[in-house]
Amino acid sequence: ARLVVANSRYTQALVKQVAPGAAVTWIPLGVDERRFSPGDTHAAKQTWGVAGKRVLLSVSRVEAYKGHEMVLAALARLSGSERSQLVYLVAGTGPHLEALREKIRSLGLDEQVRCLGNVPEVDLPTLYQAADLFVLCTQERPAAQAVEGFGLVFLEAQASGVPVVGTRTGGIADAVEPGEGGWLIAEDDQQALTTICRRLVETPAEFVHQGQRARRRVERVGTWDQYAGRLDDELCARGLWKAA
């Protein structure tokens, strides 16, 4: 290959590990900011049956390394009155779903957690609009080649005006910018996630503000048009493409 284009600095490093002589660059992914955009949060919450609640959301395959159980652990650390104000929506299917459901039952979180199963693509925009905070605490398991190479769902949430929490693993750091609509926490830092969830209950306006910052960040650096421009620039600079 004359050029390998990776989607994050992490995946760029993986390419260099297996092919040290490869020409490789990284360009962060983009998102369709017209399809994923802020909307009527109240109406979206009514649609998904969570009106009056502060909503946490994860959208991903339900695999053990995706970190859903860390969110459950954080919820279990909250007081009963704090938990009663929150709902955690889990969108997706996968081999860990039944184990996750069992964990929900064992922690007594049946009232706070709803497993939605597979959500059709056409319904994803309103699902994001119903959320107050997107959470995906992916773990890195190199032996199983289990990791988040980038995490496009983080951009989908941010484009929808929803702030995000991710772990400092894989390529997530290139999808989430702390202070600009996002938080990055250590892989197993349940206390940090609990603190963020508690703040969502106590100071919801902070998360509305961060959601606005998240949307502006996507408009500034995270659209597909911007991705195409960066790719065009890279190919031209390497003599692989001639600008029109």
Side-chain angles (χ1 to χ4, degrees), residues 41-42 44-119 123-124 126-139 141 146 148 151 153-154 156-157 160 162-167 169 172 176 182-204 206-208 210-211:
T41 300
H42 179 70
K45 287 186 178 185
Q46 287 186 316
T47 297
W48 289 95
V50 289
K53 298 290 187 179
R54 301 294 173 193
V55 178
L56 307 175
L57 171 66
S58 294
V59 178
S60 76
R61 284 270 298 166
V62 183
E63 306 268 5
Y65 76 96
K66 289 289 186 175
H68 297 88
E69 291 191 9
M70 182 169 161
V71 185
L72 301 184
L75 290 173
R77 286 168 170 255
L78 297 173
S79 69
S81 65
E82 289 168 336
R83 283 197 304 273
S84 69
Q85 299 178 61
L86 294 170
V87 170
Y88 177 35
L89 300 180
V90 178
T93 61
H96 194 61
L97 183 56
E98 285 309 311
L100 184 66
R101 285 176 169 152
E102 178 57 37
K103 189 69 173 180
I104 292 166
R105 288 190 289 269
S106 69
L107 291 173
L109 295 174
D110 304 78
E111 299 266 321
Q112 278 73 48
V113 186
R114 302 182 191 178
C115 295
L116 303 177
N118 180 60
V119 175
D123 295 329
L124 282 178
T126 60
L127 180 59
Y128 283 114
Q129 289 168 3
D132 297 289
L133 180 65
F134 181 86
V135 184
L136 193 61
C137 296
T138 308
Q139 301 168 332
R141 299 181 178 178
E148 206 75 54
V153 287
F154 289 107
E156 292 176 349
S160 304
V162 180
V164 298
V165 177
T167 44
T169 60
I172 293 176
V176 178
W183 293 266
L184 287 172
I185 61 177
E187 183 174 320
D188 296 311
D189 195 344
Q190 296 176 7
Q191 184 55 54
L193 184 57
T194 302
T195 298
I196 293 171
C197 292
R198 181 170 288 120
R199 280 161 52 191
L200 176 59
V201 172
E202 295 175 347
T203 58
E206 172 191 359
F207 291 78
V208 173
Q210 286 297 327

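Under a 3.5 Å cut-off, the side chain of Arg83 and the backbone N or O of Leu78 do form a donor-acceptor pair. Arg199 places no side-chain N or O within 3.5 Å of a backbone atom of Glu206 that could act as its donor or acceptor partner.
To the nearest 0.5 Å, atoms CG (Asp123) and OG1 (Thr47) are separated by 9.5 Å. The CE atom of Met70 lies 11.0 Å from the CG atom of Leu136; values are rounded to the nearest 0.5 Å. Taken to the nearest 0.5 Å, the OG1 atom of Thr169 stands 8.5 Å off from the CD atom of Gln139. With values rounded to the nearest 0.5 angstrom, Leu127 atom CG is found 4.5 Å from Leu57 atom CG. Atom OH of residue Tyr88 and atom SG of residue Cys115 lie 8.5 Å apart, to the nearest 0.5 angstrom. Within the model, atoms CZ of Arg77 and OG1 of Thr195 stand 9.0 Å from one another, a figure rounded to the nearest 0.5 Å.
At a threshold of 4.5 Å between non-hydrogen side-chain atoms, the residues Ile185 and Ile196 count as touching. The shortest side-chain heavy-atom distance between Thr138 and Ile172 falls under the 4.5 Å cut-off. Between Phe134 and Val162 the shortest side-chain heavy-atom distance falls below 4.5 Å. In this structure, the side chains of Asp132 and Pro204 stay at 4.5 Å or more apart for every pair of heavy atoms. Looking at heavy atoms from C-beta onward, Trp48 lies out of side-chain contact with Val87 at the 4.5 angstrom threshold. Inter-residue side-chain proximity for Leu100 and Leu72 is flagged as met; some heavy-atom pair is nearer than 4.5 Å. Within the 4.5 Å cutoff, no side-chain heavy atoms of Ile104 are placed close to those of Gln112. At a threshold of 4.5 Å between non-hydrogen side-chain atoms, the residues Val62 and Thr93 do not count as touching.
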Should Val153 and Tyr128 be marked as a side chain to side chain contact (heavy atoms under 4.5 Å, CB included) after you check the CA-CA gap, both sets of side-chain angles, and the distance that decides it?
-> CA-CA 10 Å; Val153 287; Tyr128 283 114; 3.6 Å; yes
Intermediate values then yes/no, side chain to side chain contact (heavy atoms under 4.5 Å, CB included), Leu200 and Leu56 | CA-CA 9 Å; Leu200 176 59; Leu56 307 175; 3.6 Å; yes
Step by step, would you call Glu82 with Arg198 a side chain to side chain contact (heavy atoms under 4.5 Å, CB included)?
-> CA-CA 7 Å; Glu82 289 168 336; Arg198 181 170 288 120; 2.9 Å; yes
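The two residues Val176 and Gly182 come nearest to each other via the heavy atoms CG1-CA, 3.8 Å. Of all non-hydrogen atoms in Ala157 and Val164, the two that sit nearest each other are CB-CG1, 3.7 Å. When all heavy atoms are compared, the tightest approach of Pro163 to Gly211 is CD-CA, 3.6 Å. The shortest heavy-atom contact between Arg114 and Gly49 is NH1-O, 2.7 Å. Taking every heavy atom of both residues into account, Cys137 and Val71 meet most closely at SG-CG2, 4.5 Å.
Residues meeting the salt bridge (charged side-chain N to carboxylate O under 4.0 Å, His left out) test with Glu148, sequence neighbours left out: Lys66. Residues that satisfy the side chain to side chain donor-acceptor pair (under 3.5 Å) test with Lys103, not counting sequence neighbours, are absent from this structure.
Evaluated for a side-chain contact (heavy atoms from CB on, under 4.5 Å) with His96, the options His68, Arg101, Arg61, Glu69 yield exactly one hit, Glu69.
Remark: the Ser81 side chain and the Ser79 side chain contain an N/O donor-acceptor pair separated by less than 3.5 Å.
Within 6.0 Å of the CD atom in Glu187, the count of heavy atoms belonging to other residues, nucleotides or ligands exceeds 12.
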